[in-house]
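Written below as C-alpha coordinates is the structure these notes are about.
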2 protein chains.
Amino acid sequence: MVVDQLRETELDRLFQAFADTTRRDIVRRVTVGEYSVSGLAALYAMSFAAVQKHVAVLERASLVTKEKRGREQIVRGNHEGLQKALRLLDEYEQIWRQRAARMADILAEG
Amino acid sequence: MVVDQLRETELDRLFQAFADTTRRDIVRRVTVGEYSVSGLAALYAMSFAAVQKHVAVLERASLVTKEKRGREQIVRGNHEGLQKALRLLDEYEQIWRQRAARMADILAEG
DNA sequence: ATATTGTACAACCAAATGGTTGTAGATCAG
DNA sequence: CTGATCTACAACCATTTGGTTGTACAATAT
(Lines give C-alpha, C1' and ligand atoms only; values in the text may rest on other atoms or scores of the structure.)
Protein backbone atom coordinates (compact mmCIF):
# COMPACT_ATOMS: atom_id res chain seq x y z
CA MET A 1 0.00 0.00 0.00
CA VAL A 2 2.44 2.62 1.24
CA VAL A 3 5.11 1.74 -1.27
CA ASP A 4 7.90 4.21 -0.59
CA GLN A 5 6.77 7.20 1.36
CA LEU A 6 9.97 9.21 1.05
CA ARG A 7 10.19 8.77 -2.70
CA GLU A 8 6.53 9.71 -3.06
CA THR A 9 6.73 12.99 -1.13
CA GLU A 10 9.93 13.70 -3.05
CA LEU A 11 8.01 13.28 -6.29
CA ASP A 12 5.15 15.40 -4.92
CA ARG A 13 7.61 18.26 -4.41
CA LEU A 14 9.27 17.66 -7.74
CA PHE A 15 6.12 17.84 -9.85
CA GLN A 16 4.71 20.62 -7.72
CA ALA A 17 7.86 22.57 -8.58
CA PHE A 18 7.19 22.10 -12.29
CA ALA A 19 3.55 23.14 -11.93
CA ASP A 20 4.21 26.86 -12.35
CA THR A 21 5.12 28.75 -15.53
CA THR A 22 7.60 31.06 -13.81
CA ARG A 23 9.39 28.17 -12.16
CA ARG A 24 9.64 26.20 -15.41
CA ASP A 25 11.13 29.31 -17.02
CA ILE A 26 13.65 29.66 -14.20
CA VAL A 27 14.66 26.02 -14.58
CA ARG A 28 15.15 26.50 -18.31
CA ARG A 29 17.23 29.64 -17.83
CA VAL A 30 19.52 28.34 -15.10
CA THR A 31 20.03 25.20 -17.15
CA VAL A 32 21.43 27.31 -19.95
CA GLY A 33 23.37 29.91 -17.99
CA GLU A 34 24.11 31.47 -14.63
CA TYR A 35 21.77 33.85 -12.82
CA SER A 36 21.77 35.52 -9.45
CA VAL A 37 18.43 35.62 -7.64
CA SER A 38 18.09 39.33 -8.40
CA GLY A 39 19.13 38.66 -12.00
CA LEU A 40 16.20 36.27 -12.25
CA ALA A 41 13.89 38.66 -10.41
CA ALA A 42 14.54 41.33 -13.06
CA LEU A 43 12.99 39.03 -15.68
CA TYR A 44 9.51 38.72 -14.20
CA ALA A 45 6.67 41.09 -13.40
CA MET A 46 6.68 40.27 -9.74
CA SER A 47 8.55 41.24 -6.59
CA PHE A 48 12.03 40.06 -5.69
CA ALA A 49 10.57 38.21 -2.70
CA ALA A 50 8.17 36.30 -4.95
CA VAL A 51 11.02 35.11 -7.19
CA GLN A 52 13.02 34.28 -4.08
CA LYS A 53 10.18 31.99 -3.02
CA HIS A 54 10.03 30.32 -6.43
CA VAL A 55 13.75 29.62 -6.24
CA ALA A 56 13.26 28.18 -2.75
CA VAL A 57 10.58 25.82 -4.09
CA LEU A 58 12.92 24.66 -6.84
CA GLU A 59 15.72 24.20 -4.33
CA ARG A 60 13.54 22.08 -2.02
CA ALA A 61 12.66 19.97 -5.05
CA SER A 62 16.36 19.44 -5.85
CA LEU A 63 15.98 21.13 -9.23
CA VAL A 64 18.39 23.99 -8.56
CA THR A 65 21.22 24.79 -6.18
CA LYS A 66 22.29 28.15 -4.76
CA GLU A 67 25.89 29.18 -4.20
CA LYS A 68 26.96 32.38 -2.54
CA ARG A 69 29.38 34.54 -4.53
CA GLY A 70 30.15 37.87 -2.95
CA ARG A 71 26.84 39.43 -2.06
CA GLU A 72 25.05 37.52 -4.79
CA GLN A 73 23.48 34.11 -4.67
CA ILE A 74 24.10 32.19 -7.89
CA VAL A 75 21.35 29.80 -8.97
CA ARG A 76 22.34 26.76 -11.01
CA GLY A 77 20.41 23.86 -12.46
CA ASN A 78 20.57 20.49 -10.71
CA HIS A 79 20.35 17.66 -13.20
CA GLU A 80 19.36 15.04 -10.60
CA GLY A 81 15.86 16.29 -9.97
CA LEU A 82 15.01 16.51 -13.63
CA GLN A 83 16.26 12.99 -14.23
CA LYS A 84 14.10 11.71 -11.38
CA ALA A 85 10.96 13.19 -12.95
CA LEU A 86 11.93 11.83 -16.35
CA ARG A 87 12.46 8.37 -14.90
CA LEU A 88 8.96 8.23 -13.40
CA LEU A 89 7.24 9.45 -16.54
CA ASP A 90 9.29 7.01 -18.60
CA GLU A 91 8.06 4.20 -16.36
CA TYR A 92 4.47 5.17 -17.20
CA GLU A 93 5.42 5.40 -20.83
CA GLN A 94 6.87 1.89 -20.74
CA ILE A 95 3.73 0.50 -19.11
CA TRP A 96 1.66 2.19 -21.79
CA ARG A 97 3.76 0.73 -24.58
CA GLN A 98 3.53 -2.74 -23.07
CA ARG A 99 -0.21 -2.47 -22.86
CA ALA A 100 -0.39 -1.27 -26.45
CA ALA A 101 1.72 -4.27 -27.48
CA ARG A 102 -0.61 -6.64 -25.60
CA MET A 103 -3.60 -5.09 -27.32
CA ALA A 104 -1.95 -5.61 -30.69
CA ASP A 105 -1.29 -9.27 -29.83
CA ILE A 106 -4.89 -9.82 -28.82
CA LEU A 107 -6.13 -8.26 -32.02
CA ALA A 108 -3.72 -10.45 -34.04
CA GLU A 109 -5.02 -13.61 -32.33
CA GLY A 110 -8.69 -12.73 -32.67
CA MET B 1 7.94 37.23 -22.89
CA VAL B 2 4.54 35.60 -22.78
CA VAL B 3 5.54 32.77 -25.04
CA ASP B 4 2.45 30.65 -25.38
CA GLN B 5 -0.07 31.27 -22.66
CA LEU B 6 -2.40 28.39 -23.49
CA ARG B 7 0.38 25.83 -23.58
CA GLU B 8 1.76 27.14 -20.31
CA THR B 9 -1.47 26.91 -18.34
CA GLU B 10 -1.96 23.49 -19.89
CA LEU B 11 1.44 22.45 -18.54
CA ASP B 12 0.60 24.01 -15.16
CA ARG B 13 -2.42 21.73 -14.93
CA LEU B 14 -0.50 18.74 -16.19
CA PHE B 15 2.31 18.91 -13.65
CA GLN B 16 -0.08 19.91 -10.89
CA ALA B 17 -1.96 16.69 -11.68
CA PHE B 18 1.21 14.65 -11.19
CA ALA B 19 2.03 16.43 -7.92
CA ASP B 20 -0.01 14.07 -5.74
CA THR B 21 0.79 10.49 -4.77
CA THR B 22 -2.81 9.28 -5.06
CA ARG B 23 -3.19 10.79 -8.52
CA ARG B 24 0.06 9.27 -9.76
CA ASP B 25 -1.18 5.91 -8.48
CA ILE B 26 -4.50 6.36 -10.28
CA VAL B 27 -2.70 7.19 -13.51
CA ARG B 28 -0.54 4.09 -13.18
CA ARG B 29 -3.56 1.87 -12.51
CA VAL B 30 -5.81 3.13 -15.27
CA THR B 31 -2.88 2.85 -17.64
CA VAL B 32 -2.70 -0.86 -16.92
CA GLY B 33 -6.39 -1.69 -16.66
CA GLU B 34 -9.95 -0.45 -16.37
CA TYR B 35 -11.45 1.00 -13.22
CA SER B 36 -14.74 2.61 -12.35
CA VAL B 37 -14.56 5.66 -10.08
CA SER B 38 -15.88 3.61 -7.15
CA GLY B 39 -13.46 0.82 -8.05
CA LEU B 40 -10.66 3.33 -7.64
CA ALA B 41 -12.21 4.79 -4.49
CA ALA B 42 -12.10 1.35 -2.85
CA LEU B 43 -8.31 1.40 -3.11
CA TYR B 44 -7.59 4.45 -1.01
CA ALA B 45 -8.14 5.48 2.60
CA MET B 46 -10.29 8.45 1.68
CA SER B 47 -13.88 9.20 0.76
CA PHE B 48 -15.45 8.49 -2.61
CA ALA B 49 -15.86 12.23 -3.16
CA ALA B 50 -12.15 12.82 -2.60
CA VAL B 51 -11.23 10.23 -5.22
CA GLN B 52 -13.86 11.72 -7.53
CA LYS B 53 -12.07 15.06 -7.22
CA HIS B 54 -8.69 13.50 -7.97
CA VAL B 55 -10.12 11.92 -11.11
CA ALA B 56 -11.57 15.31 -12.09
CA VAL B 57 -8.12 16.90 -11.73
CA LEU B 58 -6.61 14.20 -13.95
CA GLU B 59 -9.39 14.66 -16.48
CA ARG B 60 -8.88 18.43 -16.65
CA ALA B 61 -5.18 17.76 -17.22
CA SER B 62 -5.99 15.41 -20.13
CA LEU B 63 -4.38 12.47 -18.35
CA VAL B 64 -7.50 10.33 -18.12
CA THR B 65 -10.90 10.10 -19.78
CA LYS B 66 -14.23 9.00 -18.32
CA GLU B 67 -16.81 6.99 -20.20
CA LYS B 68 -20.23 6.13 -18.87
CA ARG B 69 -21.10 2.44 -18.86
CA GLY B 70 -24.40 1.64 -17.22
CA ARG B 71 -24.40 3.34 -13.87
CA GLU B 72 -20.61 3.25 -13.71
CA GLN B 73 -18.10 5.74 -15.00
CA ILE B 74 -15.07 3.99 -16.47
CA VAL B 75 -11.76 5.80 -16.11
CA ARG B 76 -9.10 5.21 -18.73
CA GLY B 77 -5.61 6.54 -19.28
CA ASN B 78 -5.07 9.22 -21.92
CA HIS B 79 -1.66 8.89 -23.50
CA GLU B 80 -1.61 12.44 -24.90
CA GLY B 81 -1.16 14.23 -21.60
CA LEU B 82 1.69 12.01 -20.51
CA GLN B 83 3.45 12.53 -23.80
CA LYS B 84 3.13 16.28 -23.43
CA ALA B 85 4.84 16.21 -20.03
CA LEU B 86 7.55 13.91 -21.37
CA ARG B 87 8.17 16.25 -24.29
CA LEU B 88 8.78 19.27 -22.06
CA LEU B 89 11.10 17.44 -19.70
CA ASP B 90 12.95 15.99 -22.68
CA GLU B 91 13.46 19.52 -23.99
CA TYR B 92 15.15 20.44 -20.71
CA GLU B 93 17.16 17.25 -20.87
CA GLN B 94 18.35 18.12 -24.38
CA ILE B 95 19.37 21.62 -23.31
CA TRP B 96 21.27 20.12 -20.43
CA ARG B 97 23.09 17.66 -22.67
CA GLN B 98 24.02 20.42 -25.10
CA ARG B 99 25.42 22.50 -22.29
CA ALA B 100 27.38 19.54 -20.98
CA ALA B 101 28.79 19.03 -24.49
CA ARG B 102 29.79 22.71 -24.72
CA MET B 103 31.51 22.44 -21.36
CA ALA B 104 33.46 19.42 -22.58
CA ASP B 105 34.52 21.34 -25.68
CA ILE B 106 35.71 24.29 -23.64
CA LEU B 107 37.69 22.00 -21.37
CA ALA B 108 39.25 20.29 -24.41
CA GLU B 109 40.35 23.66 -25.86
CA GLY B 110 41.77 25.03 -22.60
C1' DA C 1 31.76 57.07 5.64
C1' DT C 2 27.75 56.73 3.16
C1' DA C 3 24.76 55.11 -0.23
C1' DT C 4 23.43 51.33 -3.09
C1' DT C 5 22.75 46.58 -4.06
C1' DG C 6 21.58 41.71 -3.03
C1' DT C 7 19.66 38.76 0.10
C1' DA C 8 16.81 36.81 3.94
C1' DC C 9 12.84 36.61 6.47
C1' DA C 10 8.47 37.82 8.77
C1' DA C 11 3.73 39.18 8.51
C1' DC C 12 -0.07 39.46 5.95
C1' DC C 13 -3.71 38.39 2.31
C1' DA C 14 -6.67 36.12 -1.33
C1' DA C 15 -7.26 32.09 -3.74
C1' DA C 16 -6.52 27.25 -4.53
C1' DT C 17 -5.98 22.45 -2.68
C1' DG C 18 -7.24 18.28 -0.47
C1' DG C 19 -10.10 16.60 2.41
C1' DT C 20 -14.91 15.99 4.73
C1' DT C 21 -20.28 15.29 5.07
C1' DG C 22 -24.71 15.55 3.14
C1' DT C 23 -28.20 15.53 -0.47
C1' DA C 24 -30.11 14.01 -4.70
C1' DG C 25 -30.56 11.57 -9.22
C1' DA C 26 -29.69 7.29 -12.17
C1' DT C 27 -29.19 2.61 -12.78
C1' DC C 28 -29.42 -2.04 -11.46
C1' DA C 29 -31.00 -6.23 -8.51
C1' DG C 30 -34.50 -8.78 -5.87
C1' DC D 1 -41.90 -1.39 -6.32
C1' DT D 2 -38.07 -1.20 -3.12
C1' DG D 3 -33.58 -1.15 -1.87
C1' DA D 4 -28.80 -0.96 -2.90
C1' DT D 5 -25.14 1.01 -5.75
C1' DC D 6 -22.73 4.55 -8.47
C1' DT D 7 -22.25 9.08 -9.45
C1' DA D 8 -22.58 14.23 -9.17
C1' DC D 9 -22.39 18.25 -6.71
C1' DA D 10 -22.73 21.67 -2.98
C1' DA D 11 -21.14 23.38 1.37
C1' DC D 12 -17.80 23.53 4.55
C1' DC D 13 -13.02 23.38 6.71
C1' DA D 14 -7.86 23.56 7.43
C1' DT D 15 -3.72 24.11 5.08
C1' DT D 16 -0.89 25.49 1.30
C1' DT D 17 0.26 28.55 -2.43
C1' DG D 18 1.55 32.65 -4.73
C1' DG D 19 1.72 36.99 -4.15
C1' DT D 20 2.54 41.52 -1.43
C1' DT D 21 5.13 45.02 1.77
C1' DG D 22 8.38 46.01 5.30
C1' DT D 23 12.53 45.39 8.03
C1' DA D 24 17.26 44.07 8.72
C1' DC D 25 21.84 42.90 7.45
C1' DA D 26 25.99 41.91 4.54
C1' DA D 27 28.75 43.21 0.62
C1' DT D 28 30.05 46.48 -2.79
C1' DA D 29 30.72 51.06 -4.85
C1' DT D 30 31.41 56.11 -4.58
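Sequence lines set the chain letters: A, B, ... in the order given, protein chains first and strands last, and positions in each chain run from 1.
- Residue A:Ser38 has no polar side-chain atom (N or O) positioned under 4.0 Å from OP1 or OP2 of C:dT5.
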Q.
salt bridge (Lys or Arg N to Asp or Glu O under 4.0 Å), that's the test. Do A:Arg87 and A:Glu91 meet it? Break it down for me.
A. CA-CA 6 Å; A:Arg87 264 197 294 276; A:Glu91 274 177 36; over 6 Å; no
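- Connection of B:Val57 to B:Phe18 is not established within any shared hydrophobic cluster, with ILVMFWY side chains joined at heavy-atom distances below 4.5 Å, either directly or through further cluster members.
- Look at CD on A:Gln16: it is 12 Å from P on D:dT16, rounded to the nearest Å.
- Taking atom CG of A:Asp12 as the reference point, atom P of D:dT16 lies 13 Å away to the nearest angstrom.
- At whole-Å resolution of the value, CD in A:Gln52 and P in D:dT21 are 14 Å apart.
- Residue A:Ala41 is out of contact with every strand shown, counting any heavy-atom pair closer than 4.0 Å.
- Residue B:Arg23 has its side chain nearest to C:dG18 when only C:dG18, C:dT7, D:dA8 are considered.
- Surrounding CZ of B:Arg76 are more than 12 heavy atoms belonging to other residues, nucleotides or ligands, all under 6.0 Å away.
- Side-chain atoms of A:Asp20 lie closest to D:dG19 of the nucleotides D:dA8, D:dG19, C:dT20.
- The distance between atom CG of B:Leu43 and atom C1' of D:dC6, rounded to the nearest whole Å, is 16 Å.
- Against DNA chain D, the stretch residues 66-75 of chain A makes heavy-atom approaches under 4.0 Å through A:Gly70, A:Arg71.
- Checking A:Lys53 against B:Phe48, the closest nucleotide of DNA chain D that is more toward the 5' end is the one next to B:Phe48.
- Taking every heavy atom of both residues into account, B:Arg28 and A:Tyr92 meet most closely at CB-CE2, 3.7 Å.
- In this structure, CG in B:Leu58 is found 8.5 Å from CG in B:Asp20, a value given to the nearest 0.5 Å.
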Q: Go through the steps to decide whether A:Glu34 and A:Arg69 satisfy the test salt bridge (Lys or Arg N to Asp or Glu O under 4.0 Å), and finish with yes or no.
A: CA-CA 12 Å; A:Glu34 268 189 13; A:Arg69 194 166 67 190; 3.4 Å; yes
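- Counting any heavy atom pair closer than 4.0 Å across all strands shown, B:Ser36 reaches sugar-phosphate atoms only and no base atom.
- Note on A:Leu43: it clusters hydrophobically with A:Val27, by side-chain heavy-atom contacts below 4.5 Å among ILVMFWY residues.
- One finds a side-chain N or O of A:His54 lying less than 4.0 angstrom from the OP1 or OP2 phosphate oxygen of D:dG19.
- When heavy atoms are screened at a 4.0 angstrom cut-off, A:Ser47 is found touching base atoms of the nucleic acid.
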